[in-house]
Amino acid sequence: MPTPPEPSAPPSRGETRKGLLCAFAAYGLWGLFPLYWPLLDPAGPAEILAHRMVWSLVAVLAVLAVTRRWAWIRPLLRQPKRLGLIALCAATISVNWGVYIWGVNSGHVVETSLGYFINPLVSIALGVAVLRERLRPVQWTAVGVGAAAVVVLSLAYGRLPWIALVLAASFGTYSLVKKQVGLDGLESMAAETAVQFLPAAGFLVFLGVTGRSTFLSAGAGHTALLMCSGAITALPLILFGAAAVRLPLSVVGMVQYLAPTFQFVLGLLVFREGMPPERWAGFALVWLALALLTWDALRTARRGRAELRKAEARARTHSATTSLNTEVTSASEAPEVTAQGQ
């Protein structure tokens, strides 16, 4: 799930309401994804992934055609460094999509939700390791609690929760690289799926030639569901883009937990996955870490807004004082006008 830019101007109440609706719809759809991928049986995870790549490009190109947003392509093609970063984005998101589809369809929905719960912690760790960012004490505490949660969950599962860790690491890396590319959501997805398209299409042709494709052999409904995988990938991204320009970062940051929460609930109630006490303990530690991060972010944002208001007040006072001094100086330097002079 992408990181939104900060809106340039405060939106109206109506725009804020639209932004909230779009944000809830986007993260709600992402949270309901575990219900969709099992519908694509008997296709295997690799075939589902390839179809998702191919039909996502088709869906995004259709949106770009309707909105006539093509101007970004030619300048991009003249920038080899950005093209290399886009290829890296395509590789990391391919890993993320593939592991996610495999995890859901193999009965690990709860663990996939864990991956997106711990993603903010992984992003912070990447910021420290790669960007040399400095953390505040509360952030260090949250990272420590998150590391303890991984230890507890490893003991609970009897293994490292590798599905969650790969999902968090791949999406964290994807987000980090994506920031360097500097493309909006739709344009970025179009460029990334364009990189994915040829390998994915080649794999689908290979499946068809070897008689292992389910695209045309499992009924019209199955074919339609595979084709719709592109639309359901693009739709939440479009909604997210609409929300990002209408809402503050702090609001979007809190709404993002809706998706893994939905996935967690689906894993428990729909897919009937087991949750022994030790797993609950591990998840509780993750949620504690996220609560600490959220509290720290809100506190920092509130402090920043207060400092901004003080700076604006000082600037207005300084401006008024300067203006008054200018007027006094101008009056004292003006020639005296007498009745006789008139």
Side-chain angles (χ1 to χ4, degrees), residues 1-6 26-27 30 49 53 56 60 72 76 79-100 103 112-136 138-140 142-147 149-150 160-196 233 236-237 240-241 243-245 248-250 252-257 259-260 286 289-290 292-294 296-297 300-301:
M1 292 165 281
T3 303
E6 184 71 44
Y27 284 109
W30 276 320
L49 175 63
M53 293 173 175
S56 290
V60 174
W72 57 276
L76 179 63
Q79 301 177 61
K81 182 178 179 181
R82 290 181 79 193
L83 291 174
L85 291 174
I86 287 171
L88 183 56
C89 282
T92 53
I93 201 62
S94 297
V95 172
N96 184 271
W97 286 1
V99 172
Y100 182 77
T112 63
S113 75
L114 175 64
Y116 292 106
F117 274 128
I118 66 175
N119 178 65
L121 300 171
V122 172
S123 296
I124 288 176
L126 287 172
V128 173
V130 179
L131 303 179
R132 305 300 181 189
E133 294 179 351
R134 293 184 177 181
L135 299 186
R136 295 182 292 274
V138 176
Q139 291 176 311
W140 276 116
V143 171
V145 173
V150 171
L160 270 177
W162 68 268
I163 297 173
L165 293 175
V166 170
L167 288 176
S170 60
F171 196 79
T173 305
Y174 170 74
S175 301
L176 182 66
V177 178
K178 191 181 180 75
K179 287 179 182 294
Q180 313 304 316
V181 176
L183 283 177
D184 289 338
L186 273 177
E187 287 86 345
S188 178
M189 185 176 177
E192 292 158 16
T193 50
V195 173
Q196 294 170 331
T233 299
L237 182 67
F240 173 83
V245 298
L249 271 174
S250 57
V252 178
M254 286 186 289
V255 177
Q256 73 174 334
Y257 297 126
V286 171
L290 295 179
L292 289 171
L293 283 182
T294 303
D296 181 67
T300 304

J.: Go through the steps to decide whether Thr173 and Val95 satisfy the test side chain to side chain contact (heavy atoms under 4.5 Å, CB included), and finish with yes or no.
T.: CA-CA 11 Å; Thr173 305; Val95 172; over 6 Å; no
J.: If you look at every heavy atom in Ala26 and Phe240, which pair is closest and at what distance?
T.: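 Looking at all heavy atoms of both residues, the shortest contact is CB-N, 3.7 Å.
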J.: Which pairs would a plain distance check flag for residues 160-172, meaning a side-chain donor or acceptor within less than 3.5 Å of a matching protein atom at least two apart in sequence or in another chain?
T.:
| unit_1 | atom_1 | unit_2 | atom_2 | d |
| --- | --- | --- | --- | --- |
| Ser170 | OG | Asn96 | ND2 | 3.1 |
| Ser170 | OG | Val166 | O | 2.7 |
| Ser170 | OG | Leu167 | O | 3.1 |

J.: Just to verify, what does Gln139 make a side-chain hydrogen bond (donor to acceptor under 3.5 Å, both in side chains) with, not counting sequence neighbours?
T.: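 Gln139: no side-chain hydrogen bond (donor to acceptor under 3.5 Å, both in side chains) contacts found.
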J.: Drop me the distance from Leu126's CG to Ser175's OG, to the nearest 0.5 angstrom.
T.: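 Spacing of CG (Leu126) from OG (Ser175) equals 9.0 Å.
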J.: Roughly how far, to the nearest 0.5 Å, is the CG atom of Asn119 from the CG atom of Leu114?
T.: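 So the CG of Leu114 and the CG of Asn119 are separated by 11.0 Å.
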J.: Measuring from atom CG of Leu290 to atom OH of Tyr257, what distance do you get when rounded to the nearest 0.5 angstrom?
T.: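 Leu290 CG to Tyr257 OH: 4.5 Å, rounded to 0.5 Å.
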J.: Determine the minimum heavy-atom distance between Trp140 and Leu135, stating which atoms define it.
T.: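 Taking every non-hydrogen atom into account, NE1-CB, 3.4 Å.
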J.: To the nearest 0.5 Å, tell me how far Leu76 CG sits from Ile86 CD1.
T.: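 It is 4.0 Å, given to the nearest 0.5 Å.
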J.: Would Thr233 and Leu237 count as a side chain to side chain contact (heavy atoms under 4.5 Å, CB included) if you check the C-alpha gap in whole Å, the side-chain angles of each, and the deciding distance to 0.1 Å?
T.: CA-CA 7 Å; Thr233 299; Leu237 182 67; over 6 Å; no
J.: Identify the heavy atoms of Val195 and Ala87 that sit nearest to each other, and give their distance.
T.: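 Result for this residue pair: CG1-CA, 4.3 Å.
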J.: Begin from the C-alpha positions of Ile93 and Lys178 and carry the test side chain to side chain contact (heavy atoms under 4.5 Å, CB included) through to its verdict.
T.: CA-CA 10 Å; Ile93 201 62; Lys178 191 181 180 75; over 6 Å; no
J.: Is the shortest side-chain heavy-atom distance between Val143 and Ile124 below 4.5 Å?
T.: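 A side-chain contact exists here, since the closest heavy-atom pair is under 4.5 Å.
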J.: Using the test side chain to side chain contact (heavy atoms under 4.5 Å, CB included), find all partners of Ala289 that sit at least two apart in sequence or belong to another chain.
T.: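 Checked Ala289 against side chain to side chain contact (heavy atoms under 4.5 Å, CB included); matches are Leu121, Ala142, Val145.
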J.: Distance check, rounded to the nearest 0.5 Å: Gln256 atom CD versus Phe117 atom CZ?
T.: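 Gln256 atom CD to Phe117 atom CZ measures 10.5 Å (nearest 0.5 Å).
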J.: Taking all non-hydrogen atoms of both residues, which atom of Tyr100 and which atom of Trp30 are closest, and how far apart?
T.: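 Smallest heavy-atom distance, with atoms named: OH-O, 4.2 Å.
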J.: Testing the basics here: between Ala90 and Glu192, what is the closest heavy-atom pair and its distance to 0.1 Å?
T.: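 What the structure gives for the nearest pair is CB-O, 3.6 Å.
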J.: Please give me the minimum heavy-atom distance between Val177 and Leu85, naming the atom from each residue.
T.: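 Nearest pair, atom of Val177 first, then Leu85: CG1-O, 3.6 Å.
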